[in-house]
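No hydrogens, no waters, no symmetry mates; every other heavy atom, side chains included, goes into these values.
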Amino acid sequence: MRYLPLTDTDRREMLGVIGAKSVDELFRDVPESARRDGLVDLPRRKGELDVERALGRMAAKNVAAGSVPFFVGAGAYRHHVPASVDHLIQRSEFLTSYTPYQPEITQGTLQYLFEFQTQVAMITGMDVANASMYDGSTGCGEAVLMAHRVTKRRKAVLSGTLHPQYASVVKNLSDFADYELEIMPPALPGSSEDIAAHIDDKTSCVVVQTPGFFGELHDLRAIAEAAHAKGALLIAVVPEIMSLGAVTPPGEMGADIVVGEGQSIGNGLNFGGPYVGLFATREKYVRQMPGRLCGETVDADGNRGFVLTLSTREQHIRREKATSNICTNSGLCCLAFTIHMSLLGEEGYKRLARINHAAAVSLAERLSKVPGVEILNQAFFNEFTMRLPKPAAEVVDALAEKGVLGGVPASRLLPGVKEVEDLLIVASTEINTDADRAAYGAALKEVL
């Protein structure tokens, strides 16, 4: 059956209205290299059962994260999510309106968003947090735009510690708005970058990630002082939010805006999403914070209630006055985050972070004994980078053949950078057992 509702006459009429002679002319702005010449190499027709069988065979080639020893990170991490999280997020108390357009009748939604904001503000060491962004990368991009508004400047400096995909999102937003962007070279573990030398009177913000892309932990105090001395803001990025259970929060190191990825708490990998972006800042900047902010109040009878306090989004106000065009928040993922964090409590959160760090230390010690392997990090949380005697991409493929998902080759996210071709980024969380680590060590010896 063909799902083409328009006839040839319809198409000709539409093309005539817009002044195009043909469909090809309509798409003339698309580069030739991006166009497909001819049909996709697929059968013209198949029965439903045949299609299911074919797709099933393709799906069987995937290796699920829990089926083999798993050490992949680089911005998305596998942690244990209690079964109670999935059960609770489906309860009717939380299944109120998708988004609080009528706050007074969506108390369940507003309450968990309020609790979520409180938790994020506490773990980041900041005054206030919003009700989430799409993910960590969009939060990072919005933080840069917010810094431009606060300082009334147009230049951002991105540290080489920043995840390349986060930097790509910032670049995309900056290009369209004609902002100036300085992206520093990748900061390998053990190396130093003189960020202060790149901050001038035009700089609105400096963006630094900790743990960095290569897993290195960074003390942000000196960078914060250098930025503030020039009237710029410090944006701290935390893609592995579990780390804040063990290390000093960015807010206590002088960060003005903290963004991060909350996937590690309550949310599985889920084949790539959805995730939940965390965004926190100082109270004095709250009016420039993107997204929505929920607050606590009392009703006419003195009962505790929740309200939508701030919502400076173009969905609610005139576009020219909006702080963001992100017109939603990751509600279900926020809820999962909040429930998991509530189950852990402060002590449980810290204990889980310590377990993560111990697991990574144990793995690093084991792998460092493999001939030809060099661990580059001086300080890390649950992720580190090692230099191998051959290209990391080849090693990862060989490890997968032996039933071990050994990490992310740095070259995958930094293509064309020769300095990283032999670097492998490895993560180890509480889900890894001693047997997993032993299997990794044995497999790595065989493939090197």
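- Using modelled atom types, no side-chain atom of Tyr77 and backbone atom of Gln263 make a donor-acceptor pair closer than 3.5 Å.
- At least one donor-acceptor pair closer than 3.5 Å links the side chain of Thr7 to the backbone N or O of Asp10.
- Rounding to the nearest 0.5 Å places CD1 of Ile375 at 12.5 Å from CZ of Arg366.
- The two residues Tyr112 and Cys334 make their nearest non-hydrogen contact at CE1-CB, 4.2 Å.
- Looking at Thr385 and Glu216, their side chains never bring a donor and an acceptor atom within 3.5 Å of each other.
- In this structure, Pro290 and Met146 approach most closely via the heavy-atom pair CD-SD, 4.0 Å.
- Side-chain N or O atoms of Ser342 include one that pairs as donor or acceptor with a backbone N or O of Thr338 at under 3.5 Å.
- Here the OG atom belonging to Ser428 is positioned 11.5 Å from the CZ atom belonging to Arg78, to the nearest 0.5 angstrom.
- Across Leu188 and Arg387, no two heavy atoms sit closer than the pair CD1-NH2, 4.4 Å.
- Heavy-atom minimum distance, Gly266 versus Ala336: O-CB, 3.4 Å.
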CA sep, side-chain torsions, deciding dist, call: Phe384, Leu363, side chain to side chain contact (heavy atoms under 4.5 Å, CB included): CA-CA 10 Å; Phe384 55 87; Leu363 179 64; 4.0 Å; yes
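- The nearest pair of heavy atoms linking Tyr134 to Ser330 is O-OG, 3.3 Å.
- The backbone N or O of Leu234 lies less than 3.5 Å from a partner atom in the side chain of Asp256, making a donor-acceptor pair.
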Can you list the steps and then say if Val395 with Leu444 is a side chain to side chain contact (heavy atoms under 4.5 Å, CB included)? CA-CA 8 Å; Val395 174; Leu444 190 59; 3.8 Å; yes
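- Contact of the Tyr166 side chain with the Glu261 side chain is registered, since non-hydrogen atoms from C-beta on lie closer than 4.5 Å.
- Between the side chain of Arg437 and the backbone N or O of Asn432 there is at least one donor-acceptor pair closer than 3.5 Å.
- By the 4.5 Å heavy-atom criterion applied to side chains, Ile123 and Met341 are counted as neighbours.
- Heavy-atom neighbours of Glu346 CD from other residues, nucleotides or ligands within 6.0 Å: at or below the threshold of 12.
- Within the 3.5 Å criterion, the main-chain N or O of Ser174 finds no donor-acceptor partner in the side chain of Asp178.
- A tilted orientation is assigned to the rings of His148 and Tyr179, their planes being inclined by 30° to 60°.
- For CZ of Arg149, the number of neighbouring non-hydrogen atoms (other residues, nucleotides, ligands) closer than 6.0 Å is greater than 12.
- Distance check, rounded to the nearest 0.5 Å: CD1 of Ile89 to CZ of Arg91 gives 12.5 Å.
- Note that SG of Cys140 is 7.0 Å distant from CG of Leu158, once rounded to the nearest 0.5 Å.
- Proximity of a side-chain donor or acceptor of Ser132 to a complementary backbone N or O of Leu278 within less than 3.5 Å is not detected.
- Scored by the ring-ring contact (aromatic ring centres under 6.0 Å, His included) test, Phe337 finds Phe116 as partners (sequence neighbours excluded).
- Taking 4.5 Å as the limit, every side-chain heavy atom of Asp135 sits out of range of all side-chain heavy atoms of Val276.
- One finds the CD1 atom of Ile235 at 12.0 Å from the CG atom of Leu220 (value rounded to the nearest 0.5 Å).
- Side chain to side chain, Glu240 and Asn382 meet the donor-acceptor criterion of an N or O pair below 3.5 Å.
- For the pair Gln90 (side chain) and Asp86 (backbone), a donor-acceptor distance under 3.5 Å is present.
- Residues Leu424 and Gly407 come closest through the heavy atom pair CD1-C, 3.8 Å.
- Applying the 6.0 Å contact sphere to CZ of Arg35 captures more than 12 heavy atoms from other residues, nucleotides or ligands.
- For the atom pair Asn267 CG and Tyr275 OH, the distance stands at 9.0 Å (nearest 0.5 Å).
- In this structure, the side chains of Gln117 and Leu293 come closer than 4.5 Å at one or more pairs of heavy atoms.
- A donor-acceptor contact closer than 3.5 angstrom links the side chains of Ser159 and Glu193.
- Under 4.0 Å is where a charged nitrogen must lie from a carboxylate oxygen, and between Lys350 and Glu347 no such pair does.
- Glu182 has no carboxylate O lying under 4.0 Å from a charged side-chain N of Lys171, or vice versa, which leaves the two without a salt bridge.
- Counted by atom type alone, Asp24 and Ser22 present zero donor-acceptor pairs between their side chains at under 3.5 Å.
- A donor and an acceptor atom, one from each side chain of His80 and Glu430, are nowhere located under 3.5 Å apart.
- For the ring-ring contact (aromatic ring centres under 6.0 Å, His included) test, no residue two or more places apart in sequence or in another chain qualifies with Phe279.
- Between Val238 and Thr124, the closest side-chain pair of non-hydrogen atoms is not below 4.5 Å.
- At least one side-chain heavy atom of Leu413 sits less than 4.5 Å from a side-chain heavy atom of Val408.
- Judged by distance alone, with hydrogens and angles left aside, the side-chain atoms of His198 form no donor-acceptor pair with the main-chain N or O of Val157 at under 3.5 Å.
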Carefully, step by step, assess Leu376 and Phe214 under the rule side chain to side chain contact (heavy atoms under 4.5 Å, CB included). CA-CA 9 Å; Leu376 300 183; Phe214 295 101; over 6 Å; no
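- Electrostatic pairing of Lys418 and Glu421 does not count as a salt bridge here, judged by no charged N lying under 4.0 Å from a carboxylate O.
- With hydrogens and angles disregarded, no donor-acceptor distance shorter than 3.5 Å links the side chain of Asn172 to the backbone of Val169.
- Between Leu399 and Val447, some side-chain heavy-atom pair lies under the 4.5 Å cut-off.
- By the 6.0 Å contact criterion, CE on Met122 is open, its count of non-hydrogen atoms from other residues, nucleotides or ligands being 12 or less.
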Any chance you could lay out the side chain to side chain contact (heavy atoms under 4.5 Å, CB included) test for Leu423 and Met386, step after step, and finish with the verdict? CA-CA 6 Å; Leu423 301 186; Met386 56 187 184; over 6 Å; no
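- The shortest distance between side-chain heavy atoms of Glu142 and Val259 does not fall below 4.5 Å.
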